[in-house]
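Note that the structure is a prediction, hence the values are computed from the model and not measured.
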Amino acid sequence: MNTKLSILLVEDEPIDRLAFERYVKKNGIDCHYRQAGSVREAKEILNTESFDALIFDYMLGDGTAIDLFHLAGDTPIIVVTGLGDEMIAVSAMKAGAADYLIKDTQGGYLNTIFMVIERAIQNKRNEIEIVAYRNNLEQMVTERTSALAAEMVQHQKAERALQESKRNWERTFNAITDMIIIISVERVIVTANEAAAKVLNCSLDELTGQSYHDIFGSNIDDPTLCPLECLFNQQQGLTVEFQFSKEQTHLVSCSPVYDTNGAIMEIVLVGKNITEQKKLENQLVHAQKMEAIGVLASGISHDFNNILTGILGYSQLAINKAEPKSFIYKALDCINSAGLRGRDLVRQILAFSRTSSESKELIQIQPIIQEALRLLRASLPSNIAIQQDIDPECGFIMANPIQIHQVLMNLCTNASHAMEETGGKLRISLKMTTLNDGQMADLHLPSGSYLVISVEDSGTGIAPETVNRIFEPFFSTKGVGKGTGMGLSVVHGIITQSGGAITVESTQGKGTTFLVFLPLFKAKTAEPIPELEAPPLPTGTGRILFVDDEEQIRSFSKTMLEILGYEVILAADGLEALEIFTASPNDIDLVITDKTMPGINGLVLASKIREVRPDTPIILCSGDQACNVPGMLDKSCVDKLMTKPFVIKDLAIIVQEAMNHRSAP
């Protein structure tokens, strides 16, 4: 033994204790040992000292070795039993002994006792180390298990967060109303939102994995206009319009998604529905075109009316000099009739351009519809049936009855032309309605109650490419000699001038429906429309100053007035007329002046004349019917307004009215 051991020997036989001492001394074993002869004595020692090994005789005078096991702690115990007590030794081993030895009478067991002690000590150390290792291992396992559990919890949280993020992304992705499609560099659709599936009329599963060109190829005639290929080939985006159906137009563009190396990884295609925007743009273009035509019509009306004034004036003067049955008389009468038709055409153009000033009054439409239908029935072929649904309780509108009659005749005549070959049904209805917000926005009308006139036919319908042009002046799909193309443009002008709107819906092969909206007037009664009788041609006396910058108008107007009995003084412009008037203001009984002249215009001339002599009767004459507005009489220094072209009857009546107006007390 190289290590000095500390041993407690508990033995109640003195001879055995003495044998142990002799053995230790004889063999020179370097150890420290104590001896106890009983359980009581051993307990006292164990309570105060510790040892490397314990040797207990199993049978002691005051107990057994097992009574001391609980005081041993981790110290290894070697149980010594008498000869034949091997079973007892085994039971001691089960109770916690490290080893056992069987006594013999010669003390031979002592030869192996220290080897057993050393082995027991080593085994105990190994056991302690194993226990410590096991405990450490268990601690490590526990700690690692806790760490793994914590990692698993974090992983589960991360997984749930990822799933929630994915769901949020999908909800957001699908909530976008614009179509969005993500495409790989191989031109394959990776994913798309629900808006894209709806536009393309397929499910998301059907869309995913399809080739981009299988979906969009038919929409692009020129490959250079493909936004995807333009992005790849030219490294720049392109925005184009796609027509996915007749009802929907989308503005489609592509944007690249780059990887960390700057290479295109995916492409995001975005399609914005611009159907309503296109509709509004078309409406705006149409409105601007109509307005431009109206401005043009208003602009040319003055000069054209001056020309017609000369034609009508001279033709009437010449007719009065010609023999009634002569060729010259007939030729002049044809010229005069053509001039009158030209005057009516100008009025139609001005009605379209909203510059016509036809007087309006409070009227009910029901009688006008009935009158129009009576006239139509006589002229329509028998294979066209007329149906009517007229609400007798409809109220009043503020409009010109002749113009409303013209609107109905135009719409119904067009409807009959659409059915003249195959026959059909012409349906006219009248009802009251209140426009909702959407209708007000589409029709550009204020809120309120409206009369709705519906003219519906079962004819051939209007082609989609021409339906937006039908209200343009001189646009017609009829053959030569079957129309001037002014009918619907005049209708449009009249309805707009009356504060209303007109719409058209048409399907080829099924028919067309026109809807006319006119604002209801809140009054409950209206004065009856007076019947106009042609007054006799009035004559008179007096001196008239006639002012116009057109020489031919001055010439035939002078002749007309002289035929009517008046003395006429002519002036070519406002300055000349002012000089003539200021020279002898009391000698002039009436002034007729053109509105638009070089120098000073007719309105300025009228005001200066009134400064000289306030009671002078003044008639303002113009080829621009926009000036013929009754309200102008209150804002200007004139008594009457006369539009060109005029005939001798118009001139005679207005001159007499102006003179009577000033002479009245």
Check the pair Asp389, Leu430 against side-chain contact (heavy atoms from CB on, under 4.5 Å), reporting the backbone distance first and the verdict last.
-> CA-CA 6 Å; Asp389 182 12; Leu430 175 68; over 6 Å; no

Applying side-chain contact (heavy atoms from CB on, under 4.5 Å), run through Ile7 and His32 and close with a yes or a no.
-> CA-CA 6 Å; Ile7 300 170; His32 170 73; over 6 Å; no

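Atom CG of Asn135 has more than 12 neighbouring heavy atoms from other residues, nucleotides or ligands inside a 6.0 Å radius. Within 6.0 Å of CG on Leu162 lie more than 12 heavy atoms contributed by other residues, nucleotides or ligands. By the neighbour-count criterion of 12 heavy atoms within 6.0 Å, atom CD of Gln508 is densely surrounded, having more than that number from other residues, nucleotides or ligands.
Applying side-chain hydrogen bond (donor to acceptor under 3.5 Å, both in side chains) to Gln163 and the options Arg160, Lys166, Glu159 leaves one that passes, Glu159.
Of the inter-residue distances, the one linking Asn136 atom CG with Ile130 atom CD1 reads 14.0 Å to the nearest 0.5 angstrom. Interatomic distance, Ser38 OG to Asp62 CG, rounded to the nearest 0.5 Å: 4.5 Å. For the atom pair Phe514 CZ and Ser506 OG, the distance stands at 7.5 Å (nearest 0.5 Å). In this structure, CE on Met152 lies 7.0 Å from CG on Leu148, to the nearest 0.5 angstrom. Remark: Ile397 CD1 to Ile453 CD1 distance equals 6.5 Å, nearest 0.5 Å. Atom NZ of Lys431 sits about 12.0 Å away from atom CD1 of Ile390, to the nearest 0.5 Å.
A salt bridge is defined here as a Lys NZ or Arg NE, NH1 or NH2 lying under 4.0 Å from an Asp or Glu carboxylate O, and Lys103 with Glu13 fails to meet this definition. A salt bridge does not link Lys124 with Asp74: none of the charged nitrogens is closer than 4.0 Å to a carboxylate oxygen. Salt-bridge formation is detected for the pair Glu151/Arg144: a Lys NZ or Arg NE/NH1/NH2 atom is positioned less than 4.0 Å from an Asp or Glu carboxylate oxygen. Ion pairing between a basic and an acidic side chain is recognised when a charged N comes within 4.0 Å of a carboxylate O; Arg171 and Glu164 show such pairing.
Smallest separation of non-hydrogen atoms from Ser6 and Phe51: OG-CD2, 3.2 Å. What you find for Ile183 and Val190 is that their closest heavy atoms are C-CG2, 4.2 Å. Taking every heavy atom of both residues into account, Asn174 and Ala192 meet most closely at OD1-O, 4.5 Å. Ile176 approaches Asn193 most closely through the heavy-atom pair O-ND2, 3.4 Å. Heavy atoms only, all atoms of each residue included: Ile502 and Ile495 are closest at N-CG2, 4.2 Å. Considering all non-hydrogen atoms of both residues, Ala65 and Phe56 come closest at CB-CB, 3.5 Å.
Under the side-chain contact (heavy atoms from CB on, under 4.5 Å) criterion, Ser255 pairs with no residue, sequence neighbours left out. With sequence neighbours excluded, the residues forming a side-chain hydrogen bond (donor to acceptor under 3.5 Å, both in side chains) with Gln122 are Asn126, listed by chain and number.
Under the 4.5 Å side-chain criterion, counting only non-hydrogen atoms from C-beta, Ile181 is in contact with Leu200. Between Asp99 and Ile117, every side-chain heavy-atom pair lies at or beyond the 4.5 Å cut-off. No side-chain heavy atom of Ile180 sits less than 4.5 Å from a side-chain heavy atom of Leu269. Annotation: side chain of Glu194 is in contact with side chain of Leu204 (closest heavy-atom distance under 4.5 Å).
In this structure, the ring of Phe20 has its center less than 6.0 angstrom from the ring center of Tyr33.
With hydrogens and angles ignored, the 3.5 Å screen pairs no side-chain donor or acceptor of Asp30 with any backbone N or O of Lys4. Side chain of Asp52 to main chain of Leu5: no donor-acceptor pair is present (N/O by atom type, distance under 3.5 Å, no hydrogens or angles).
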Atom pairs and distances, side-chain donor-acceptor, residues 41-50, under 3.5 Å, sequence neighbours left out:
residue, atom, partner, partner atom, Å
Glu41, OE1, Gly37, N, 2.9
Glu44, OE2, Arg40, NH1, 3.1
Asn47, ND2, Lys43, O, 3.0
Thr48, OG1, Glu44, O, 3.4
Thr48, OG1, Ile45, O, 3.1
Glu49, OE2, Arg34, NH1, 2.2

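Looking at Ser454 and Glu456, their side chains never bring a donor and an acceptor atom within 3.5 Å of each other.
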